[in-house]
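Heads up: the structure comes next, in structure tokens.
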Amino acid sequence: MFDINKIREDFPILSREVYGKPLVYFDNGATAQKPRVVIEAVDRMYDSLNANVHRGVHYLSEESTTLFEEARRTVAEFIGAPQKEQIIFTAGATASLNTVVYSWGEKFVREGDNIVISEMEHHSNLVPWQLLAERKGAEIRVLPFDDNGELMVEKLPALLDERTKAVAVTQASNTLGTRPCLKPIIDMAHRVGAIAVVDGCQGVVHGGVDVAALDCDFYAFSGHKLYAPTGIGVLYGKMELLEAMPPFLGGGDMVDRVSFERTTFAPVPMKFEAGTANYVGAIGLGAAIGYLQSLDLKEVEAHEQALLQRATTLLEEIDGLRIYGHAADKSSLVSFNVEGVHHYDMGMILDKLGIAVRTGQHCAEPVMTHYGVTGMCRASFALYNTMEEVEQLAAGVRRAVGMLR
């Protein structure tokens with residue numbers, strides 16, 4: 001059985017208080033809290049094993065390198081990558097997506113080409129493509145979603161043609177929770193010779209992924225949303241694409257031979273890992289995945305969906321409250337506004353009650369534009385949240401409405 005009390009004991013921060021009240025943490029879509037095993041793995045690296053990877057023949061360096069490469073293998077197996085070399089460690093999902101744009105995009109996108117981006121993308125899977133289009137004279141085309149938050153996949157064929165180079169789409173919207181059915185989107189992209197680039201930041205946490213079965217060309221996610229340290233991210237890519245791409249950053253560890261006449265580069269993945277790697281973060285990510293694999297992930301998903309359904313039911317009972325996003329398949333978050341109440345004011349009052357939610361545009365301004373709002377409140381749920389906390393959220397929203405409206 002899913003033992004929520006035991007799980008909560010694994011996360012030290014959940015025992016603290018905020019303004020004299022027990023912390024209720026519902027900002028998991030921005031960053032998740034860390035289990036003790038991750039904190040201990042990071043501490044152990046700095047306390048006992050700290051040494052740079054791939055550079056030394058001494059014991060600490062070799063041990064650190066072994067753990068770093070084991071973490072790469074752990075990530076590959078977790079997301080279904082055929083080879084661990086297809087896993088590139090980056091500073092986060094933003095860095096991963098920019099690597100695709102600046103490395104693959106600079107080489108393969110030409111003037112007159114087009115890139116299709118969904119309307120619900122996080123800025124990190126939108127702005128880099130816009131910058132590329134400006135540099136190259138390419139066109140950005142938008143795949144819209146409807147007012148329920150469902151991506152209108154039926155409109156995709158009309159946006160694709162022989163000049164389409166890439167389709168960029170989220171696995172799960174960080175604002176609406178929508179989890180589009182990606183396989184038809186990816187198949188349609190491939191039929192016109194385009195690549196499919198998936199932002200997996202929310203999806204890898206809520207539901208998981210098998211990149212080989214999905215057949216996406218690139219997949220990006222951040223460790224800190226997956227209960228791992230900050231500053232570590234992953235880029236998965238198909239090997240033939242990674243091998244055809246030039247390196248994005250130059251420096252140490254990504255070279256084969258260097259002279260003033262010519263430099264040759266290390267093979268994938270090291271070609272894309274210039275400089276000192278965040279090996280501590282990568283090892284922490286491996287520990288976070290190990291922790292998740294110790295649980296029944298189907299039970300985790302069922303628990304999170306139960307939290308979502310309960311929160312939706314309770315919040316919809318509040319007069320004047322609107323929830324944005326009612327997709328049939330939705331990850332465990334709810335974004336809302338209350339008529340006559342500013343989202344920042346709502347967030348500040350909830351904070352004083354010990355309840356942490358997100359307020360603002362959530363790095364998804366086109367979503368706000370779609371609904372004609374300047375921002376939203378977002379409560380995003382994780383495996384350690386409880387039904388009691390959901391009820392506190394609803395009670396807190398009611399109290400805030402009574403004070404502000």
Side-chain angles (χ1 to χ4, degrees), residues 1-14 25-45 67-81 84 86-87 89-90 92-93 96 171-172 174 177 179 198-214 219-236 278-308 331-333 380-386 389:
M1 298 295 293
F2 188 81
D3 190 343
I4 186 64
N5 292 322
K6 183 178 183 302
I7 286 173
R8 287 180 66 83
E9 290 174 358
D10 294 333
F11 292 81
I13 200 171
L14 299 182
Y25 187 78
F26 285 150
D27 196 17
N28 298 288
T31 194
Q33 301 302 337
K34 319 306 173 193
R36 188 172 283 104
V37 293
V38 170
I39 298 169
E40 290 174 349
V42 171
D43 286 348
R44 185 167 59 251
M45 282 302 301
L67 293 173
F68 179 65
E69 292 301 329
E70 284 178 356
R72 194 189 307 274
R73 185 179 302 280
T74 296
V75 173
E77 292 174 353
F78 185 65
I79 68 170
K84 75 178 183 68
Q86 293 173 275
I87 302 301
F89 286 123
T90 69
S96 297
Q171 187 185 7
N174 77 314
R179 295 191 287 200
V198 177
D199 173 1
C201 278
Q202 305 295 331
V204 74
V205 185
H206 306 290
V209 68
D210 182 335
V211 292
L214 197 59
Y219 186 91
F221 68 92
S222 294
H224 70 99
K225 301 182 195 299
L226 194 66
Y227 312 101
T230 57
I232 188 68
V234 168
L235 173 63
Y236 157 83
N278 182 6
Y279 53 89
V280 176
I283 292 165
L285 174 57
I289 291 173
Y291 175 79
L292 288 172
Q293 290 175 326
S294 73
L295 306 174
D296 186 324
L297 295 181
K298 290 183 179 179
E299 287 189 355
V300 170
E301 171 71 3
H303 173 70
E304 292 177 343
Q305 285 296 306
L307 294 173
L308 171 64
S331 67
S332 56
L333 66 83
S380 47
F381 311 117
L383 59 89
Y384 43 64
N385 290 127
T386 68
E389 289 179 323

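The shown structure was predicted, so the numbers you read here are calculated from the model rather than taken from an experiment.
The nearest pair of heavy atoms linking A287 to A41 is CB-CB, 3.8 Å. When every heavy atom of A220 is checked against every heavy atom of S96, the shortest pair comes out as CB-CB, 3.6 Å. Between A172 and G203 the shortest heavy-atom distance is CB-N, 3.8 Å. When all heavy atoms of L333 and N174 are compared, the closest pair comes out as CD2-O, 3.6 Å. Of all the heavy atoms in I4 and L383, the pair that sits closest is CD1-O, 3.1 Å.
Put simply, the side chain of E301 never gets that close to the backbone of K298: no donor and acceptor are under 3.5 Å apart. For the pair S222 (side chain) and A93 (backbone), a donor-acceptor distance under 3.5 Å is present. Side chain of S380 to backbone of G29: a donor-acceptor contact under 3.5 angstrom is found. One N or O on the side chain of K225 and one on the backbone of A30 form a donor-acceptor pair closer than 3.5 Å. Within the 3.5 Å criterion, the main-chain N or O of A32 finds a donor-acceptor partner in the side chain of K34. Side-chain N or O atoms of D199 include one that pairs as donor or acceptor with a backbone N or O of C201 at under 3.5 Å.
Using a cut-off of 4.0 Å between Lys/Arg side-chain N and Asp/Glu carboxylate O, E70 and K84 are scored as not salt-bridged. Under the 4.0 Å criterion applied to side-chain N and carboxylate O atoms, E9 and K6 are not assigned as salt-bridge partners.
In summary, the side chains of D10 and Y291 do present a donor paired with an acceptor at a separation below 3.5 Å, with no hydrogens or angles considered. A donor-acceptor pair shorter than 3.5 Å can be found between the side chains of Q171 and Y219.
In this pair, Y227 and Y384 present their aromatic rings perpendicular. The plane angle is above 60°, beyond the 30 to 60° band.
Residue T386 holds its OG1 atom at 12.0 Å from CD1 of I7, rounded to the nearest 0.5 Å. Put simply, CG on N278 and CD1 on I232 are 4.5 Å apart, with the number rounded to the nearest 0.5 Å. Between the CG atom in N385 and the CZ atom in F26 there is a gap of 4.5 Å [rounded to 0.5 Å]. Taking CD1 of I87 as the start and CD1 of I79 as the end, the distance is 3.5 Å to the nearest 0.5 Å. In this structure, CG on L297 lies 13.5 Å from NE2 on H303, to the nearest 0.5 angstrom. Taking OG of S332 as the reference point, atom CG of L307 lies at 7.0 Å (rounded to 0.5 Å).
For the pair V38/P229, a side-chain contact is recorded, criterion being any heavy-atom separation below 4.5 Å from C-beta on. Counting heavy atoms from C-beta outward, L226 and L292 have side chains that approach closer than 4.5 Å. Side-chain contact between V205 and F221 is absent, with no heavy atoms from C-beta onward closer than 4.5 Å. Residues F11 and R36 form no side-chain contact, since every pair of their non-hydrogen atoms from C-beta on lies 4.5 Å or further apart. Between I289 and L285 there is a side-chain heavy-atom pair separated by less than 4.5 Å. Contact of the Q86 side chain with the Y236 side chain is registered, since non-hydrogen atoms from C-beta on lie closer than 4.5 Å.
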### Query
Given E77 and R72, is the salt bridge (Lys or Arg N to Asp or Glu O under 4.0 Å) satisfied, shown in steps?
CA-CA 9 Å; E77 292 174 353; R72 194 189 307 274; over 6 Å; no
### Message
Assess the residue pair I283 and R44 against the criterion (side-chain contact (heavy atoms from CB on, under 4.5 Å)); give the C-alpha distance rounded to whole Å, side-chain angles, the decisive distance to 0.1 Å, and a yes or no.
### Response
CA-CA 10 Å; I283 292 165; R44 185 167 59 251; over 6 Å; no
### Task
Mind running side-chain contact (heavy atoms from CB on, under 4.5 Å) on R179 and H206 for me, showing each step along the way?
CA-CA 10 Å; R179 295 191 287 200; H206 306 290; 4.1 Å; yes
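Heavy-atom neighbours of R73 CZ from other residues, nucleotides or ligands within 6.0 Å: at or below the threshold of 12.
Taking the centre of each ring, Y279 and F89 stay at or above the 6.0 Å mark.
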